[in-house]
Structures are given as C-alpha cells and as structure tokens.
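Quick one: the structure is below, questions incoming.
Just the heavy atoms: all of them, side chains too, but no hydrogens, waters or symmetry mates, feed the values below.
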Amino acid sequence: MAKKKCKCECPEGLPAWLGTFGDLMSLLLCFFVLLLSMSTMNAKKVQEAIGSLAGALSVLEGGAKTEVSKNRNQIATPIEEKQETSQTVNKLSKAIQEFRQFTSGSRGPSITLEEGEEGFFIRLPADITFKPGSAEITDEDALLFLKRISLIIKEYLPKNIDIQIKGYTDNTPPPQTSPYTDNWELSAARALSVLKILIKDGVNPKQLSAAAYGEYHPIASNDTPEGRTKNRRVEIWFFAKKKELQNKVQKSVLDKAK
C-alpha cells in the first residue's frame, strides 16, 4: 500500500531558528577570543608556576628543589607585585634573550634572569665581561648589554627598588700579573666596575650599592673547570627598600638597651 503524500510542501534546508542560533554561537566565540587577546599575562606568576613544577619533578639546576613553607613566607620580603615591576622583568628578560641570540652562546655560561627570596637578579658570568684577573670591562657586547639594562632601569624600574651589585670569584688566586692581591679585592673591583658603568649610563646612584663575596659563596664545585667558571660571576640584584623595617629593628634594639 503506497504511503500518503504530504499535502503541504515542506521547505528544504535547516529551520530558520537554527541559522540564528549558529550566528549567535559564532558571535560569542569571537567575543571570548577578543577578551583573551586583550588580556595581559602575569609573567612572574607564570615563572613561579614553572619553578614549582620543575622543583616537584627534581629538575632544577644543581638538583635543588623548591619548598614552600609558612616559615619561609614570613621571612622573605619579596618585591610587591605591580605592573611596573612585571614590565621591568619582561624587558630585562627580553634583553637577555636578545643578547644570547646575538652572541650565539659561544662564551660558556650565558646571562640569566633568576628569582631570589627578596627579589630577582641578573647573573653575569665573569668570562663574558672580564678577562682573567681583571676588573675592566672592555668587551663591546657586554658594554652594550649593560647600557641596555641601564635604559630599562631608568625607564621602567620603580623608584622604591634598590639595586645591589655583588661580585664573586672561584677559589683560584688572581694571577701574578693582576693588580689585585686576593679574590676579595678582585670581586669588589668587578662589582664596582659594573656599578660605575650603570651610573655612567644614567642610573640613579642612590639606588645602587656594591658588595664583595670573594670565593666564599660558590654555586658550583670548584673542583672542575666548569664549576669554577660558574662561580666567577657578578650578580645585579633588585629588591624592595627596607628602610622602614630597619628603622623598626633599630628602635626596638635601642629600647631594649635603655
């Protein structure tokens, strides 16, 4: 028995409401894509997440692991998370990457940007900036890099951030041709050399200080040439000022002495 044909002619294609629904979904997708493209990523938070993951997997340099504890959070006084600070970190990181690409990593250990308990710092291997037993920076690439760092500091670094230049050496005494009698003098001279270049390039001297550590704070073993190369370094530290904290400690000490 043949089927009865529909008396009314049904329109071909999708219902009209389904087309409107598809347009609405497309508009919503474009809206959320625009929101994502206009959002700003917090570089420091991303680096902290990467560091925590790397520590959990035990793949940090030197086999170190990251540990988060209540005691450490109370002792550490990190730089406050501000847009200016994040922008400074991003600019410094970009400058370091460009320096690596320009030098093609042909000089041993490369310049790195790392995070410490009280702030962040740039690690400059001494073999890039200094000749053995010398504290004079003559390499044009190193001078240009420090000039770039000075420009970033002047333009983006908040005024409440202090900068300390720290000099380190390995346990090998300076050569006889060196004007420095021991590693204390050599590390101090190298830190001051970097400090003076930053001042020459326009960094505010009130934000700067220098410190010498000689051979007594190694980050690698001095028993191998590779370890000694890592230990010869200059670090540029950025950390929040502690004048208020120091004043409180001083007042409490004076009160107890009375």
Side-chain angles (χ1 to χ4, degrees), residues 61-62 64 92 95-96 99-100 103 105 107-150 152-153 157 161-242 246:
E61 185 177 358
L92 292 173
I96 291 172
F99 181 83
R100 289 177 185 171
T103 56
R107 307 184 184 185
S110 59
I111 299 174
T112 57
L113 178 64
E114 302 182 27
E115 186 177 358
E117 290 185 358
E118 297 184 353
F120 59 94
F121 64 95
I122 299 173
R123 178 170 290 158
L124 301 168
D127 290 1
I128 293 179
T129 50
F130 305 101
K131 293 181 180 179
S134 173
E136 183 181 0
I137 303 177
T138 57
D139 185 83
E140 292 295 333
D141 294 337
L143 290 171
L144 288 174
F145 175 76
L146 290 175
K147 189 175 185 65
R148 175 81 178 276
I149 296 302
S150 300
I152 294 173
I153 291 173
L157 190 70
I161 303 297
D162 280 337
I163 307 166
Q164 187 174 53
I165 318 299
K166 301 180 180 182
Y168 304 85
T169 66
D170 58 17
N171 63 349
T172 305
Q176 294 181 352
T177 56
S178 174
Y180 308 103
T181 57
D182 54 32
N183 286 325
W184 282 110
E185 292 185 4
L186 180 59
S187 61
R190 287 179 171 177
L192 286 172
S193 180
V194 174
L195 181 144
K196 290 178 180 179
I197 288 176
L198 295 181
I199 293 177
K200 182 181 177 182
D201 290 334
V203 177
N204 186 357
K206 293 182 179 179
Q207 290 183 274
L208 295 170
S209 63
Y213 292 88
E215 61 194 73
Y216 299 103
H217 291 266
I219 57 174
S221 173
N222 280 312
D223 296 331
T224 62
E226 293 79 10
R228 290 191 293 271
T229 300
K230 290 182 179 180
N231 291 332
R232 298 190 297 268
R233 67 197 190 277
V234 173
E235 295 175 351
I236 305 176
W237 277 81
F238 303 84
F239 52 88
K241 292 183 178 180
K242 298 182 181 179
Q246 291 174 355

ask   = Excluding sequence neighbours, so at least two apart, what forms salt bridge (Lys or Arg N to Asp or Glu O under 4.0 Å) with Arg148?
value =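 By the salt bridge (Lys or Arg N to Asp or Glu O under 4.0 Å) rule, Arg148 matches Glu98.
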query = In Å and rounded to the nearest 0.5 Å, what is the CD1 to CD1 distance from Ile137 to Ile197?
reply =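 Going from the CD1 atom of Ile137 to the CD1 atom of Ile197 covers 3.5 Å.
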message = Checking Ser221 now: which residues fulfil side-chain hydrogen bond (donor to acceptor under 3.5 Å, both in side chains) with it, not counting sequence neighbours?
response =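 Ser221 satisfies side-chain hydrogen bond (donor to acceptor under 3.5 Å, both in side chains) with Asp223 once adjacent residues are dropped.
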message = Taking salt bridge (Lys or Arg N to Asp or Glu O under 4.0 Å) as the definition, give me every residue that meets it alongside Lys200, ordered by chain and number, with sequence neighbours left out.
response =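 With sequence neighbours excluded, Lys200 shows a salt bridge (Lys or Arg N to Asp or Glu O under 4.0 Å) to no residue whatsoever.
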query = In Å and rounded to the nearest 0.5 Å, what is the CG to OG1 distance from Asp170 to Thr229?
reply =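 Atom-to-atom, Asp170:CG and Thr229:OG1 are 8.0 Å apart.
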Contacts of Ala188 that satisfy side chain to side chain contact (heavy atoms under 4.5 Å, CB included) - sequence neighbours left out =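 Checked Ala188 against side chain to side chain contact (heavy atoms under 4.5 Å, CB included); matches are Ala212.
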request  = Drop me the distance from Trp184's CH2 to Glu215's CD, to the nearest 0.5 angstrom.
outcome  =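 Atom-to-atom, Trp184:CH2 and Glu215:CD are 8.5 Å apart.
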query = Are the side chain of Asn183 and the backbone of Leu186 linked by a donor-acceptor contact shorter than 3.5 Å?
reply =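 Judged by distance alone, no pair lies under 3.5 Å.
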inquiry  = Give me the atom names and distance for the closest heavy-atom approach of Ser110 to Ile128.
reply    =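 Scanning both residues, the minimum pair turns out to be CA-CD1, 4.4 Å.
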Spatial distance of atom OG1 (Thr112) from atom CD1 (Ile96) [nearest 0.5 Å] =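 One finds 7.0 Å between OG1 of Thr112 and CD1 of Ile96.
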task = Determine yes or no for a side-chain-to-main-chain donor-acceptor pair under 3.5 angstrom, with Arg228 supplying the side chain and Asn222 the backbone.
result =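 Here the side-chain-to-backbone pair exists.
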ask   = Within the side chain of Gln207, is there an N or O that forms a donor-acceptor pair under 3.5 Å with the backbone of Ile161?
value =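 Side chain of Gln207 to backbone of Ile161: a pair is present.
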task = Quick one: list whatever passes side chain to side chain contact (heavy atoms under 4.5 Å, CB included) with Glu136, sequence neighbours left out.
result =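 In terms of side chain to side chain contact (heavy atoms under 4.5 Å, CB included), with neighbours along the sequence ignored, Glu136 is linked to Ser134, Thr138.
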message = Does any part of the side chain of Phe130, heavy atoms only, come nearer than 4.5 Å to the side chain of Val194, both counted from C-beta?
response =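 A side-chain contact under 4.5 Å exists here.
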Non-hydrogen side-chain atoms of Ile219 and Asn231 separated by less than 4.5 Å =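 They are in contact (side-chain heavy atoms under 4.5 Å apart), so the answer is yes.
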ask   = Among all residues two or more places apart in sequence or in another chain, which pass the side chain to side chain contact (heavy atoms under 4.5 Å, CB included) test with Pro175?
value =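 Scan of Pro175 (side chain to side chain contact (heavy atoms under 4.5 Å, CB included), adjacent residues dropped) gives Thr177, Ser178.
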